[in-house]
Amino acid sequence: MSGLLATIVLSVMIDRSQYSVARPFSRASAARRKGLLCVLATLPVFCVSWQLSYAVGQAQTPQDQNLHHLRANRSLIHYLDNINLLIEPSSVCQKKVPVLVLVTSTPSHYRHRDVIRNTWGKHQETYFFLGLTQDDDRIANAYIEAKQHSDLIVHELQDHYQNLTLKVALMLQWALHRCPQAEFVFKTDDDVMLNPRTLETVLEDNKGAALFGYKHENKVPYRDEYTKWYMPRWLYNEDLIPEYLSGPGYIINGKNLKEIFTAALHIPLINIEDIYFTYLVAKRALGLPLTHDRRLSPYKPWIFTCPYKNYASIHSLSPEEMDIVWSKIQSSGESQFCSYFTSGLLLY
Ligand SMILES: *[C@@H]1O[C@H](CO)[C@@H](O)[C@H](O)[C@H]1NC(C)=O
Ligand SMILES: *[C@@H]1O[C@H](CO)[C@@H](O)[C@H](O)[C@H]1NC(C)=O
């Protein structure tokens with residue numbers, strides 16, 4: 001019980017330490033703070049995973065050089081006009097589509113796609129969006145994979161984290177043209193676990209909402225050039241992001257898809273897709289409300305043995321973890337502790 005209490009206290013502290021600082025602090029001091037907190041908390045498992053999650057976000061090179069093209073032109077039309085669609089399934093959305101799941105992926109992530117196809121992907125209309133990498137073999141492999149599974153959409157776009165906004169724009173464009181009858185469009189990533197049964201309830205509960213997901217409010221933009229979430233001042237000059245829906249899983253009502261895509265054509269691009277589409281385009285330009293649903297795409301809970309039945313999606317899972325969690329979701333019954341833990345404490 002005391003461990004549980006410490007976790008709760010700590011989760012509150014972390015949330016503050018990560019975001020309440022009104023300006024970017026140096027990486028060294030950030031690391032010191034974290035180290036100190038970890039020692040104080042004496043929760044070794046948690047500390048390791050926390051430090052790891054921080055390390056994952058670190059980039060080797062400064063991101064500014066990957067954003068040069070945006071200095072030349074930030075118009076979405078300019079890019080979309082120049083990006084060819086190379087591969088797509090010959091027939092899509094034949095039946096009624098309650099939710100169209102669009103997954104950002106990358107050529108090398110065939111393991112991720114395979115696990116998804118064998119788990120939650122079987123229960124939803126799911127498509128994967130890929131760009132191109134330097135490796136020539138990858139496109140040949142993509143052709144084979146596309147033939148086998150009819151669920152790949154490949155664009156002639158440099159596949160790079162800093163190009164994710166373009167990839168999501170291509171997704172929305174594709175959905176509008178190929179599957180306009182979808183009631184909802186779920187934008188997600190290939191490290192996300194979906195729970196089809198809970199998702200159904202979430203969709204039912206948010207039937208009238210324009211956009212819903214895990215909402216963040218008054219967050220400080222990352223200004224450290226060495227994190228992958230770096231957002232330079234020349235792209236976004238404000239000190240806070242008033243609100244946005246978390247990128248690993250937000251849902252757009254099919255009725256609002258067209259206005260969101262069309263509005264985006266006139267709003268200067270930034271490199272962070274969720275802030276761009278949910279905040280700058282949907283909320284700020286169109287005035288659409290963003291609805292918070294805590295069951296959508298929080299970071300994976302720390303107690304890994306819990307079956308997560310109350311979540312509709314969870315992010316940052318490796319393909320192996322996804323396999324394990326899927327079998328737990330399928331199994332009936334859930335310990336008292338787990339339902340208590342996943343129902344209220346970590347999600348807010
Ligand atoms: C992103 O895509 C644009 C347009 O295709 C390209 O010019 C740019 O080099 C890409 N960025 C990266 C970092 O690959
Ligand atoms: C960016 O591209 C658009 C569309 O192609 C074009 O109309 C506009 O003039 C370009 N802007 C700049 C600054 O070159």
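Reckoned from all heavy atoms, side chains included, excluding hydrogens, waters and symmetry mates. Atoms within each ligand, like the ligands themselves, are counted from 1 in listed order.
Residues T106 and D159 bring a donor and an acceptor atom of their side chains to less than 3.5 Å of each other.
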Which N or O atoms of ligand 1 sit under 3.5 Å from a protein N or O, and how far apart is each pair?
unit_1   : atom_1 : unit_2 : atom_2 : d
ligand 1 : 2 (O)  : N163   : OD1    : 3.3
ligand 1 : 2 (O)  : N163   : ND2    : 2.4
ligand 1 : 11 (N) : N163   : ND2    : 3.0

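Few gaps surround CD on Q148; more than 12 heavy atoms of other groups in view lie less than 6.0 Å from it.
Listed by first and then second residue, the side-chain hydrogen bond (donor to acceptor under 3.5 Å, both in side chains) pairs that reach into residues 246-258 are Y250-E273, N256-E259, sequence neighbours excluded.
Side-chain N or O atoms of W120 include one that pairs as donor or acceptor with a backbone N or O of V192 at under 3.5 Å.
The minimum heavy-atom distance between K228 and Q63, with the atom names listed, is CA-NE2, 4.0 Å. Between L269 and Y276, the closest heavy-atom pair is CA-CE1, 3.7 Å.
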